[in-house]
Amino acid sequence: VFSLFEINKLQNFSFQKYWSHSLRVGKFAKWLAKSENHPNADLAMTAGMLHDVGKLVLASNLPEDYNELFSKAVAENTDLEELEREIFGASHAEVGGYLLGLWGLPHSIVEAVVFHHHPSKLASYSFEPLTAVHLANVFDSEEQKKTFSGGIVTEFDYEHLIQLNLTEKIPFWREQFAQQSAVGE
């Protein structure tokens, strides 16, 4: 997937940070799915690794616009998805999900990519790869904000987490994510 994109055109987009983030989200999404006894944790890992593929599509096809948008999101600490919809008419999540759907990836992976910021927009009543990717993405964003000043807003979709009775587990999962990140698991 990643070899399709001309990353050198992207001044404000670090492919290394993108790839590291995708790996951390994928690995922890798999851990979360296993901890919740999901029958196929590998789907959560794949979805986590691909959750931001739409960023690559937008950034490589519209590099100047995406550079400006990304800089604005970081500088203003604002919602990247909102800016993407405003400027492009679609978010990276929607673009990525569409692409993965065209490629014939499993429905649960496509759903996780499309709704990873707002899982409550999809009626879901059980722990699925979507929930694992959402949580892992937020935990990684929190960790990155501790390390680097600035960053892009990524918040829990509490409506979804309350629906699944998961809010009490957040402190434990956050601690597990921090521990796994510290040892590079």
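This chain uses plain numbering: 1 for the first residue, then up along the sequence. All heavy atoms count here, side chains included; hydrogens, waters and symmetry mates do not.
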Less than 4.5 Å apart, side chain to side chain, heavy atoms only: is that true for Met49 and Met45?
yes
Using the salt bridge (Lys or Arg N to Asp or Glu O under 4.0 Å) criterion, which residues pair with Asp42? Sequence neighbours excluded.
Lys30
Hits for side chain to side chain contact (heavy atoms under 4.5 Å, CB included) against Leu122, two or more places apart or cross-chain, chain-then-number order -> Glu111, Phe115, Leu130
For Ser124, all residues meeting side chain to side chain donor-acceptor pair (under 3.5 Å), sequence neighbours excluded
none
Co-members of the apolar cluster containing Leu102 [side chain, <4.5 Å]
Tyr98
Would you say that His118 contacts Glu81 through its side chain, given a criterion of any heavy-atom pair below 4.5 Å between the two side chains?
yes
When Ile, Leu, Val, Met, Phe, Trp and Tyr are grouped by side-chain heavy atoms lying under 4.5 Å apart, directly or through other members, which residues fall in the same group as Val25?
Val133
Looking only at non-hydrogen atoms, find the nearest pair between Val53 and Gly96 and report the distance.
CG1-CA, 3.7 Å
Do the side chains of Leu83 and Phe88 get nearer than 4.5 Å, heavy atoms only?
no
Could you report the tightest heavy-atom contact between Ala47 and Ala112, atom names first, then the distance?
CB-CB, 3.6 Å
Backbone N or O of Gln163 within a donor-acceptor pair of the Tyr125 side chain at under 3.5 Å?
no
Members sharing Leu164's hydrophobic cluster, built from side-chain contacts under 4.5 Å between Ile, Leu, Val, Met, Phe, Trp and Tyr, are Phe28, Trp31, Leu32, Phe127, Leu135, Val138, Phe139, Phe156, Tyr158, Leu161, Ile162, Leu166, Ile170, Phe172, Trp173, Phe177
Give me the atom names and distance for the closest heavy-atom approach of Arg24 to Ser181.
CD-OG, 4.5 Å
With His38, which residues qualify under ring pair (Phe, Tyr, Trp, His ring centres under 6.0 Å), at least two apart?
none
Which pair of non-hydrogen atoms, one from Pro63 and one from Ser60, has the smallest distance, and what is that distance?
CD-O, 3.8 Å
Any salt bridge (charged side-chain N to carboxylate O under 4.0 Å, His left out) involving residues 157-172? Give me the pairs, sequence neighbours left out, ordered by first then second residue.
Glu36-Lys169
Could you tell me if Ser126 and Glu128 have a donor-acceptor pair between their side chains, going purely by distance under 3.5 Å?
yes
Do Arg174 and Glu142 have side-chain heavy atoms sitting under 4.5 Å apart?
yes
Taking all atoms of both residues into account, what is the closest heavy-atom pair of Ala136 and Ala29, and its distance?
CB-N, 3.8 Å
Let me confirm one number: the CD-CD distance from Gln179 to Glu175, rounded to the nearest 0.5 Å.
5.0 Å
Quick test of your reading: applying salt bridge (charged side-chain N to carboxylate O under 4.0 Å, His left out), list the pairs with at least one residue in residues 90-99, sequence neighbours left out, ordered by first then second residue.
Arg85-Glu94
For Thr46, what residues pass the side chain to side chain donor-acceptor pair (under 3.5 Å) criterion, not counting sequence neighbours?
none
Shortest non-hydrogen contact from Ala90 to Val95?
CB-CG2, 4.1 Å
Could you give the distance from OG (Ser22) to NE2 (His51), rounded to the nearest 0.5 Å?
5.5 Å
Can you sort out the partners of His92 under ring pair (Phe, Tyr, Trp, His ring centres under 6.0 Å), two or more places apart, ordered by chain and number?
His116, His117
What distance do Glu84 atom CD and Leu58 atom CG have between them, rounded to the nearest 0.5 Å?
5.5 Å
Could you grab the distance from atom CZ of Phe70 to atom CG of Asp65, nearest 0.5 Å is fine?
15.0 Å
In the structure I gave you, are the side-chain heavy atoms of Leu80 and Leu69 within less than 4.5 Å of one another anywhere?
yes
In Leu43, Leu99, Leu50, the residue satisfying side chain to side chain contact (heavy atoms under 4.5 Å, CB included) with Leu105 is Leu50
